[in-house]
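Side chains included, hydrogens not; waters and symmetry mates left out as well; all remaining heavy atoms used. Sequence lines set the chain letters: A, B, ... in the order given, protein chains first and strands last, and positions in each chain run from 1.
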Amino acid sequence: MHHWLMKSEPDVFSVTDLARRPRRQAPWDGVRNYQARNFLRAMKKGDLAFFYHSSCPAPGVYGIVEIAREAYPDPTAFDPASEYYDPKSTPAQPRWFMVNVRLKRVFRSPALLDAIRNEKSLRAMQLVQRGSRLSVMPVTAREWKTILKLTGEKNK
DNA sequence: GCCAACGTTGGC
DNA sequence: GCCAACGTTGGC
């Protein structure tokens, strides 16, 4: 099993929004970066990912989602009315993909970016690398555990 | 709102 | 294939 981190702006889509969806499940659409897309395509059903809130007053990891469906073409790329529209992506030759995620846990106490930056053992994390802006990235098993520790919750 | 860092585009 | 210009991300 692999671990991941997925960013979303909570104004657009938050952990709470996901909690309100039927079966707490939703497609993770709108990724328009090749490296992030490649990570999406590497995800396996059952993989776990941190749900990260970005561009907000308190950026950080707010919960855990499970990959409920592996990568398939992102239909928002085909829709001229969508803000994620990309005419270079067609149903015959899709360029952008998405997975479905299911909310597993919302942290009572999130692992804030500030705390992540202050944690020495997380200095190598891709998230905190200078200039790193990827919205989907892998997380090592060790990083996963350390972040869980920052939330004060135990791994099951 | 600022700005550093990075990705993409397009002229040549 | 180079690279300047431009757009985007995302913390602050």
Side-chain angles (χ1 to χ4, degrees), chain A residues 2-21 26-43 47-67 71-101 103-140 142-153:
Chain A
H2 287 95
H3 295 99
W4 309 92
L5 182 145
M6 305 170 84
K7 295 183 186 174
S8 179
E9 301 186 16
D11 287 351
V12 179
F13 189 69
S14 70
V15 161
T16 311
D17 294 327
L18 183 53
R20 292 185 181 132
R21 294 295 185 94
W28 198 272
D29 58 15
V31 171
R32 295 293 179 270
N33 169 281
Y34 288 106
Q35 212 180 333
R37 179 204 65 183
N38 293 343
F39 287 137
L40 284 179
R41 296 186 73 172
M43 290 177 173
D47 280 359
L48 298 178
F50 285 135
F51 194 133
Y52 180 93
H53 284 184
S54 66
S55 294
C56 59
V61 173
Y62 280 74
I64 295 176
V65 297
E66 178 180 3
I67 306 308
Y72 59 107
D74 180 347
T76 64
F78 310 143
D79 177 7
S82 169
E83 60 174 316
Y84 302 125
Y85 178 56
D86 181 355
K88 290 174 191 152
S89 185
T90 65
Q93 289 239 293
R95 175 175 297 202
W96 304 116
F97 290 77
M98 62 188 190
V99 297
N100 287 0
V101 297
L103 187 60
K104 287 213 74 172
R105 229 195 299 186
V106 178
F107 299 134
R108 273 172 304 168
S109 164
L112 296 179
L113 178 60
D114 186 53
I116 294 172
R117 284 197 194 284
N118 282 325
E119 175 57 49
K120 281 202 175 71
S121 59
L122 292 177
R123 276 190 300 201
M125 243 193 119
Q126 209 161 334
L127 178 72
V128 294
Q129 295 316 298
R130 186 184 176 78
S132 165
R133 301 179 316 181
L134 263 189
S135 66
V136 179
M137 67 184 80
V139 171
T140 68
R142 176 174 283 275
E143 290 164 350
W144 183 269
K145 277 189 183 168
T146 306
I147 296 224
L148 278 181
K149 213 170 63 189
L150 291 179
T151 69
E153 302 197 25

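- Side-chain atoms of A/Arg105 and A/Thr151 include no donor-acceptor pair closer than 3.5 Å.
- When only modelled atom types and interatomic distance are considered, A/Asp17 and A/Ser14 share a side-chain donor-acceptor pair under 3.5 Å.
- The distance from atom CG of A/Leu127 to atom P of C/dG10 is 10 Å, rounded to the nearest whole Å.
- If you measure from atom CG of A/Asp86 to atom P of B/dT9, you get 8 Å, rounded to the nearest angstrom.
- The side-chain heavy atoms of A/Leu127 and A/Leu122, taken from C-beta on, include no pair separated by under 4.5 Å.
- In this structure, A/Asn118 contributes its side chain and A/Asp114 its backbone to a donor-acceptor pair below 3.5 Å.
- Summarising the geometry, the separation between CG on A/Asp11 and P on C/dG11 is reported as 13 Å, rounded to the nearest angstrom.
- An OP1 or OP2 oxygen of B/dT9 is reached within less than 4.0 angstrom by a side-chain nitrogen or oxygen of A/Lys88.
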Review item, side-chain donor-acceptor pairs of residues 34-42 of chain A, under 3.5 Å, at least two apart:
from    : atom 1 : to      : atom 2 : distance (Å)
A/Tyr34 : OH     : A/Arg95 : NH1    : 2.9
A/Arg37 : NH1    : A/Arg95 : O      : 3.1
A/Asn38 : ND2    : A/Tyr34 : O      : 3.3

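- Distance OH (A/Tyr52) to P (C/dT9): 15 Å, rounded to an integer number of Å.
- Using a 4.0 Å cutoff on non-hydrogen atoms, the parts of residues 132-140 of chain A near DNA chain C are A/Arg133, A/Leu134, ordered by number.
- Computed from coordinates, the A/Glu9 CD to C/dT9 P distance equals 7 Å when rounded to whole Å.
- For A/Leu113, counting side-chain heavy atoms from C-beta on, the closest listed nucleotide (C/dC12, B/dG7, C/dG10) is C/dC12.
- Remark: side-chain polar atoms of A/Ser8 are not paired, donor with acceptor, to backbone N or O of A/His53 under 3.5 angstrom.
- Across the protein-nucleic acid pair, A/Leu5 atom CG and C/dT9 atom P stand 16 Å apart, rounded to whole Å.
- A/Asp86 and A/Trp96 share a donor-acceptor pair across their side chains, judged by distance under 3.5 Å alone.
- Here A/Arg117 lies in heavy-atom contact (under 4.0 Å) with sugar-phosphate atoms only.
- Taking atom CD1 on A/Ile116 and atom C1' on C/dG11, their separation rounds to 13 Å, with Å as the unit.
- For the pair A/Tyr84 and C/dT8, the criterion of a side-chain N or O lying under 4.0 Å from OP1 or OP2 is not met.
- At whole-Å resolution of the value, CG in A/Leu112 and C1' in C/dG11 are 13 Å apart.
- The side chain of A/Lys7 contributes no N or O atom lying less than 4.0 Å from OP1 or OP2 of C/dT9.
- The nucleotide whose nearest atom lies closest to any side-chain atom of A/Ser55 is, among B/dT9, C/dG10, C/dC12, C/dG10.
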